[in-house]
Every structure is written in C-alpha cells, then in structure tokens.
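The block underneath contains the structure these notes are about, expressed in structure tokens.
Heavy atoms only: backbone and side chains are in, while hydrogens, waters and symmetry mates are out. Convention: sequence-line order gives letters A, B, ...; per-chain numbering from 1.
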Amino acid sequence: MNEIPVRVRFAPSPTGPLHIGGVRTALYNYLFARKYHGTFIIRIEDTDQNRLVSGAEDYLFESLAWCGIISDEGPGTGGEYGPYRQSERKEIYREYADRLIANGHAYYAFDTVEELDAMRERLKASESSTQQYDCNSRMAMKNSLTLAAEEVQTRITRGDPYVIRTKVPENETVIFNDLVRGEMVVEANQLDDKVLFKSDGWPTYHLANVVDDYLMKITHVIRGEEWLPSAPLHVLLYKFFGWESIMPQFTHVPLLLRPDGNGKLSKRDGDRLGFPVFPVNWSDPLSGEKSTGFRERGFFPQPLINFLALLGWHPAGDKEVMTMEDMISEFSIEHVHKAGARFDFEKAKWFNHEYLIKMSGSRLAAMFFPVLQEKNISASEEFVARVCDVLKHRCSFLSDFWESGSFFFRQPDSFDEVIVKSKWNEKVKRNFEMLISELNSLSDFTGASVDQFLHRFLGQNNLKAGELFPVLRVALIGTKNGPSVFEIISLLGRDEVIKRIRSSQPIFDKMISML
RNA sequence: GGUCGGUUCGUCUAGGGGUUAGGACAUCUCCCUUUCACGGAGGAAACACGGGUUCGAUUCCCGUACCGACUACCA
C-alpha cells in the first residue's frame, strides 16, 4: 500500500445490537488490516448519551469475538492511542471546536429547536430547494455571524445554550477520492452547517470522528455507504484543521439490502422472513423483546463470515468457500462492489452446510453430545461420531441433527402407515423372520457388507428390493425417508436391528387389521 | 423536494470496446438410489431504457427510468 503502517477502525455506536451489516463492515476493516499487516482498532462512538442502550457494547464485543474479528486496539484490549471510548475522551473535543471558531471555520449558534423548525417551515414554503441551515440561511439565524460580538459574549457568559456549527465555505468544490467509488466531487454550497458541538457539551459524530481518526492515526476509513453524503464535510474539517496531507483514504462500502422489496436490511425483515439479522441472541433491555442470533440459529461463525464477505466483495477467480486466512490474503478494496447487496438466507445456509460437511464426525459429535444429554440419551463417542458423519450430509445445521436422526438413538414410536399398509403382508412377514435368523449369523456389519448381505438375501428369497426395503426401513426408523437401509443397519448394529424388527411386527399386524 | 450514489440471470457476482457474457445459490431435467437427501451430468435464466462516441458498445459519455443513502443539537 504505502509506507505508513495501515491503521483502520470500526467505530460503532452502542445504540442497539450490532447488526449483521455492521459485522460485515467490521470484517472488511479487519480483513484489510490483516492483509496489510496493519492495526485494527475498535472505537466506541457513544457521544449521544440519550440513545445509549445498556448491554449494547458488551453485545458488540461478544458478537465480534464469536465471529473471530479481534481488535488490536480498543476498549478491552487497550493500546497507545486510548482511551477508545469517546465518552472517556469527552474533554478532548472542545479544544478542537474552539480552534475552528478561532480560525473562522465554525461559529456559535443560539437558535432554539422552535426557531430551527420555523426556519425549515419558512424555507419549505419559499422557492428554496433545501431546508438546510447553510450558507444561504445562516445569516437569518441567531448566531455569532449575525449577532454583535458583545451579545454573543453576553449570551455565552449568561449560560444560554448554544451549539457550534461548521461554517461551510460558499464557493468551494470539495474533491476527494473514494477507494470504491473513485473521484467524488461535491459543491460545498450544497452542504449544510453541521453541528460539531452540541449544547449538552458533547461533540457530534462529525467532530469526534474526525478528531479521533486524526489522533489515532487512522489511514483508511472503511465505513458504510450511509456516510457518503457527510464525507465532504469531513474532508472540509481535515482541511480546516490543517490535516489535509494526512487525511485517511475514504472507502464507502455498499449497504446490505432486504431480501425482498426495497430498503436496507432491518430487524423487521428477519422477523418477517424467519432468519436472524443479529450475530448472537439479543434481548432488548427496554422492551424485553428477544431476537435469535445466527449463532443460536445454528450457524458456525466461519461460514457466516465467509458468506458476509462475499456480499459486496469478490476475490479473483471463482472460489467461494474460503477460510478467514484465504479472505485475508485475497482481500482487496478494489474488488468491493459499488451496489448494495441483498441478503439471501438460502445461500447463507449453503455456506454453513459446506462448512458442516468438512467437519469430522468426532468434532461434530462433541458438539452434538449436549443435545443428547438434554434428552437423557447416552451413547458412545464412537457411535455418535459415526452418526454425525452420516447426518452432516443431510443437514445445513447441527441443530437439524436431532430431527433428522433421532431414530439412531431411540426406537421410533410412530410408523409410516402408507408403507405398512401397502407393503406388509404374509410373505414379507415370513421373510422378516428369516432375516432375523440370518442377521444373527452375519459377522461383518460394515455398510458395504450389509449391502451385499441384503442383496443376497433378496435373491435367495425371490424378493424384489421394493418389497422388502421400504417396510424394513419403516420397521427400523419409522419413516420412509432417511439414510440407506444399509447405513442404518450398519450403525444400529445386530441387536438393535433385531429388536426393532421384532417389536415392529405386532404393530404392523395391528395396522393391517384395522384396514 | 434537494444532494450524492447505484443498476449484468430470481439472488450474490465475474468480466469489460469485438466473449457462445463465466461462476455460485435457488430452480428444472436426467443419472445414482428401496426412499428423502448427498453426489454426478445437463437445462432454462441477465448486461434497465433512449441517445450519442466508435468500424463495433453490455463495457465510454449524456439523458431518462427505477432503486438506495443522506437531508437532526442520531450515529
């Protein structure tokens, strides 16, 4: 990249649970930092004291940790540019706002909320195309540009509430380069005089963000596209402060869109369409409302991250299934797409499935054990591992294992009636008896051997596969769908298979008699 | 309304002045199979529209349409 060490930051506001879109922004920052052996910083932007949500910050760290996105500097980890929570840096910002006033790049404004509303109403009714507090309207407002110096002083010493606003220049073209979008050109007179410092003594995002990025020596600002419109203001601020030469490279990444319809992805979409939008479970402290996270929905972090990375970014080549290491080595801002990406839950599931089938049966077994324990089922490690090896191909999530394979751990209590009624007859019944006795002498219970044995059995008894296998399957697992009979027999083993065949017979007889 | 951004199969995307416009998910067909899956093979499926520029535009430029973001003393 360049000689200066790369330093990037993810700067969320703890006003709610971290959204999956935020995870992706954090991920891009992380990938970029790792790729260039730089530093990934997390900075908490909690300057709006009214919107803080308790637990949101802890949630953020828990989520990021689960996703494997670890910061080099941040509130928990520390670092030489701390503190990393803006609320702990509060004292820093005022000085910078004052500096801007001294330079004539900012001014005091005393307008009340009512006066601001009135201005907007007035502008709306007039020819004006905008309702902004800007170079066209500021001279009609109560600020240090229109008020006499003494009055300004009086108001301030008297304790009148005021804000500090940017004095956006009238005739200036702001030009900057966005790594995703290329050259951006905006006329400054289209910008409004954004508040930099609020009457409650806190800086706004714009001031705190620029000052902190400067102080923390941030080299690249990688953030969501929603910040694109305010980027010119930030560029102006860097210029006002005289930091233009070390201004970070801006990169605005596309938004995550709803799977259907219009707009960006929101929590409501998840609820409506039945998929998570938060990394891990979240319980709203105010409403008590609970939201299922990707983790609890059954996702592994690696495939989730893999899927997320590809929503707006594409490596060279057609490879899609990647590890974090792959993504780090192949990540490039140049290949970040410009357009927003729709969230597709089906594809997310596929990534999870791909990850699942690559895991060994024993690793999966270790994770599946707690589920079995909950159901008071004991089984050997080896057996569970073998079952998992079979089930993983049929499932997208570990959480699907029980539903698609409970019969491996306990005898079914219901049987497919259609199969029984159409396939259960005296001939099959006789063959079940013979099967039991032959099974007794079968020594090799591997899948291939059972396959061979069963086909020989069919031939010897003049049976077609369709006559025996469906009923046999129902006798063993209750349903007509599932793994091959050979696999089932191989896994269940002789004793269990014989036991299940035996006990199913009277049940089948009863079902037939009720015809 | 204004400012800015965007637009390649249903979805995520590759590509980029001359290509049979490639891949993945989803979908369909066939094969495998006692079944459902898995797997294998194959199919259908896209450059928003209109003008330029050019020998030639999906690719470059300009409009239009549509979509999105922003338009707070929120971030």
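Note on Gly312(A): only backbone sugar-phosphate atoms sit closer than 4.0 angstrom, heavy atoms only; bases stay farther off. Counting any heavy atom pair closer than 4.0 Å across all strands shown, Lys338(A) reaches sugar-phosphate atoms only and no base atom.
Donor-acceptor pairing under 3.5 Å is recorded for the side chains of Tyr107(A) and Asp193(A). Side-chain contact of Asp200(A) with Gln49(A): a donor-acceptor pair under 3.5 Å is absent, judged by distance alone.
Summarising the geometry of Leu472(A) relative to Phe432(A), their closest heavy-atom pair is CA-CZ, 3.8 Å, with the distance given to 0.1 Å.
The gap from the P atom of rC73(B) to that of rC62(B) amounts to 35 Å, rounded to the nearest Å. To the nearest whole angstrom, the two C1' atoms, one in rU27(B) and one in rU34(B), are 27 Å apart. For rC31(B) and rG10(B), the P atoms lie 29 Å apart once the distance is rounded to whole Å. Going from the C1' atom of rU71(B) to that of rU13(B) covers 32 Å, rounded to whole Å. Comparing the same atom, P, in rG42(B) and in rC25(B) gives a spacing of 14 Å after rounding to whole Å. Nucleotides rU11(B) and rA45(B) have their C1' atoms positioned 12 Å apart, rounded to a whole Å. For the C1' atoms, the distance from rC9(B) to rA24(B) is 12 Å, rounded to whole Å. Comparing the P positions of rG40(B) and rU20(B) gives an interatomic distance of 28 Å, to the nearest angstrom.
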Should His252(A) and Arg223(A) be marked as a side chain to side chain donor-acceptor pair (under 3.5 Å) after you check the CA-CA gap, both sets of side-chain angles, and the distance that decides it? CA-CA 5 Å; His252(A) 292 92; Arg223(A) 72 215 322 183; 3.1 Å; yes
After noting the C-alpha distance and the side-chain angles of Tyr133(A) and Asn143(A), does the key distance pass the side chain to side chain donor-acceptor pair (under 3.5 Å) rule? CA-CA 11 Å; Tyr133(A) 199 122; Asn143(A) 53 52; 3.0 Å; yes
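Pair assignment for rA37(B) gives none, since no Watson-Crick or G-U wobble pairing has each distance under 3.5 Å. Pairing of rC49(B), defined by two Watson-Crick or G-U wobble distances under 3.5 Å, is identified with rG63(B). Pair check for rA69(B) finds rU3(B); Watson-Crick or G-U wobble, both atom distances under 3.5 Å. In this structure, rA57(B) makes no Watson-Crick or G-U wobble pair, since no nucleotide meets both defining distances under 3.5 angstrom. If you check rU19(B) for Watson-Crick or wobble pairing at under 3.5 angstrom, you find it has no partner at all. The partner of rC25(B) is rG10(B), judged by Watson-Crick or G-U wobble contacts that both fall below 3.5 Å.
Distance CD1 (Ile175(A)) to C1' (rC4(B)): 15 Å, rounded to an integer number of Å. Straight-line distance from the CG atom of Asn136(A) to the C1' atom of rG2(B): 12 Å, rounded to whole Å. Rounded to an integer number of Å, the gap from Lys423(A) NZ to rU35(B) P is 10 Å. Regarding Leu257(A), its CG atom lies at a distance of 17 Å from the P atom of rG10(B), rounded to whole Å. Here the P atom of nucleotide rA37(B) and the CG atom of Leu391(A) are 16 Å apart, to the nearest Å. The CZ-P distance, from Phe397(A) to rA37(B), rounds to 18 Å in whole Å. Put simply, CD on Glu187(A) is 17 Å from P on rG2(B), counting in whole angstrom units. One interatomic measurement links the two molecules: CZ of Phe307(A) to P of rA26(B), which rounds to 12 Å at whole-angstrom precision.
Judged by atom type and distance alone, Arg342(A) does not reach the base of rU11(B) through any side-chain donor-acceptor pair under 3.5 Å.
In this structure, the separation between CG on Leu356(A) and CZ on Arg363(A) is 10.5 Å, given to the nearest 0.5 Å.
Comparing Phe343(A) and Pro470(A) against RNA chain B, the residue whose closest nucleotide sits nearer the 5' end is Phe343(A).
Aromatic ring pairs are classed by plane angle as parallel below 30°, tilted from 30° to 60° and perpendicular above 60°; the pair Trp402(A) and Phe409(A) is parallel. Relative orientation of the Trp227(A) and His234(A) rings is tilted, given thresholds of 30° and 60° on the angle between their planes. The aromatic rings of Tyr162(A) and Tyr108(A) sit perpendicular to each other, their planes meeting at more than 60°, with 30° as the lower class boundary.
You'll find the ring centres of Phe307(A) and Phe343(A) inside the 6.0 Å limit.
In this structure, the nucleotide among rC4(B), rU35(B), rU34(B) sitting nearest to the side chain of Asn481(A) is rU35(B).
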What one-letter contact string describes nucleotides 20-25 of chain B from 5' to 3', where B marks a base within less than 4.0 Å of any protein heavy atom, S marks contact via sugar-phosphate atoms alone, and - marks no contact? ---BBS
Scan nucleotides 69-75 of chain B nucleotide by nucleotide, 5' to 3', and note B when protein non-hydrogen atoms come under 4.0 Å of the base, S if they reach only the sugar-phosphate, - if neither. SS-SBBB
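When the side-chain contact (heavy atoms from CB on, under 4.5 Å) test is applied to Ser126(A), the partners found at least two apart in sequence or on another chain are Leu123(A), Ser128(A).
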